[in-house]
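What you see is a predicted model; the values in this text were computed from it and never measured.
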Amino acid sequence: MKARVKLIEGVSFVGQSESGHSVVMDGAPESGGKNLGVRPMEMLLLGLGGCSAFDVVHILRKGRQHVSDCIADIDATRADTDPKVFTRIHVHFTVSGKGLDPKRVEQAVHLSAEKYCSASIMLGKVAEITHDFEILEN
């Protein structure tokens, strides 16, 4: 896998993935940024959320569960001093669908966290990561 990050101006960068997608990142205004894009550390959380939510939906649909929506709300704490790594991350899944089995949702969340989500497993080496979920019937 390859990626490229190129300076646009100031401390704004464009990141391009090997698959051809781009995203703008920028530093905080107090660091010279102009708020033109997400912060790089926010990108890590978005990657974790995307990876985990993908797994949960994929596992549930493979198990013939009728998922119509999945939201991963992420709350993280960083260290106070440099390097300001994540020290605690909590992921709350809101899974919507018809007749979802709570045990299957719990299993999907667990499998993502413990086996399939590379981002979660990697970040879990430095941060305490917890998960929970709720189910909405629709």
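The shortest non-hydrogen separation linking Ala53 to Cys70 is CB-SG, 4.2 Å. Of all heavy-atom pairs spanning Leu36 and Ser12, the tightest one is CD1-OG, 3.5 Å. Contact between Ser96 and Asn138 at its shortest, heavy atoms only, is CB-ND2, 3.8 Å.
There is a path of hydrophobic side-chain contacts, each under 4.5 Å, that joins Val91 to Met41. Under the 4.5 Å side-chain heavy-atom criterion for Ile, Leu, Val, Met, Phe, Trp and Tyr, Leu7 and Val5 are members of the same hydrophobic cluster. Clustering ILVMFWY residues whenever any of their side-chain heavy atoms sit less than 4.5 angstrom apart, transitively, puts Ile8 in a cluster other than the one holding Val11. Under the 4.5 Å side-chain heavy-atom criterion for grouping Ile, Leu, Val, Met, Phe, Trp and Tyr, Val109 is not connected to Leu111 through any hydrophobic cluster. Taking hydrophobic clusters as Ile, Leu, Val, Met, Phe, Trp and Tyr residues chained together by side-chain heavy-atom distances below 4.5 Å, Val57 shares a cluster with Ile135.
Looking only at side-chain heavy atoms (C-beta outward), Val14 and Arg4 stay at 4.5 Å or farther from each other. Counting heavy atoms from C-beta on, the side chains of Leu45 and Phe86 come closer than 4.5 Å. Under the 4.5 Å side-chain criterion, counting only non-hydrogen atoms from C-beta, His90 is in contact with Asp132.
Within the model, atoms CG of Asp75 and CZ of Arg88 stand 4.5 Å from one another, a figure rounded to the nearest 0.5 Å. Atom-to-atom distance recorded for Ile89:CD1 and Leu44:CG is 8.5 Å, nearest 0.5 angstrom. Taking NE2 of His131 as the reference point, atom SG of Cys117 lies at 7.0 Å (rounded to 0.5 Å). Taking CZ of Arg78 as the start and NZ of Lys84 as the end, the distance is 7.0 Å to the nearest 0.5 Å. Between Leu46 atom CG and Ile74 atom CD1 the span is 6.5 Å, to the nearest 0.5 Å.
Distance alone, capped at 3.5 Å, places no donor-acceptor pair between the Thr77 side chain and the Thr87 backbone. Using a distance-only test at 3.5 Å, with no hydrogens or angles considered, a donor-acceptor pair links the side chain of Glu137 to the main chain of Gly99.
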Exercise for the section: Would you sort out whether Ile121 and Lys115 count as a side-chain contact (heavy atoms from CB on, under 4.5 Å), showing the intermediate values? Expected result: CA-CA 8 Å; Ile121 292 164; Lys115 185 173 183 181; 5.6 Å; no

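Annotation: side-chain contact (heavy atoms from CB on, under 4.5 Å) contacts of Leu60 (sequence neighbours excluded): Val56, Gln65, Val67, Val95, Arg104, Val105, Ala108.
Applying the side chain to side chain donor-acceptor pair (under 3.5 Å) test to every pair with at least one member in residues 33-56, sequence neighbours left out, gives these pairs: Glu9-Lys34, Asn35-Arg39, Asp55-Ser112.
Within 6.0 Å of atom CZ in Phe133, more than 12 heavy atoms from other residues, nucleotides or ligands are found, so the atom counts as buried in its surroundings.
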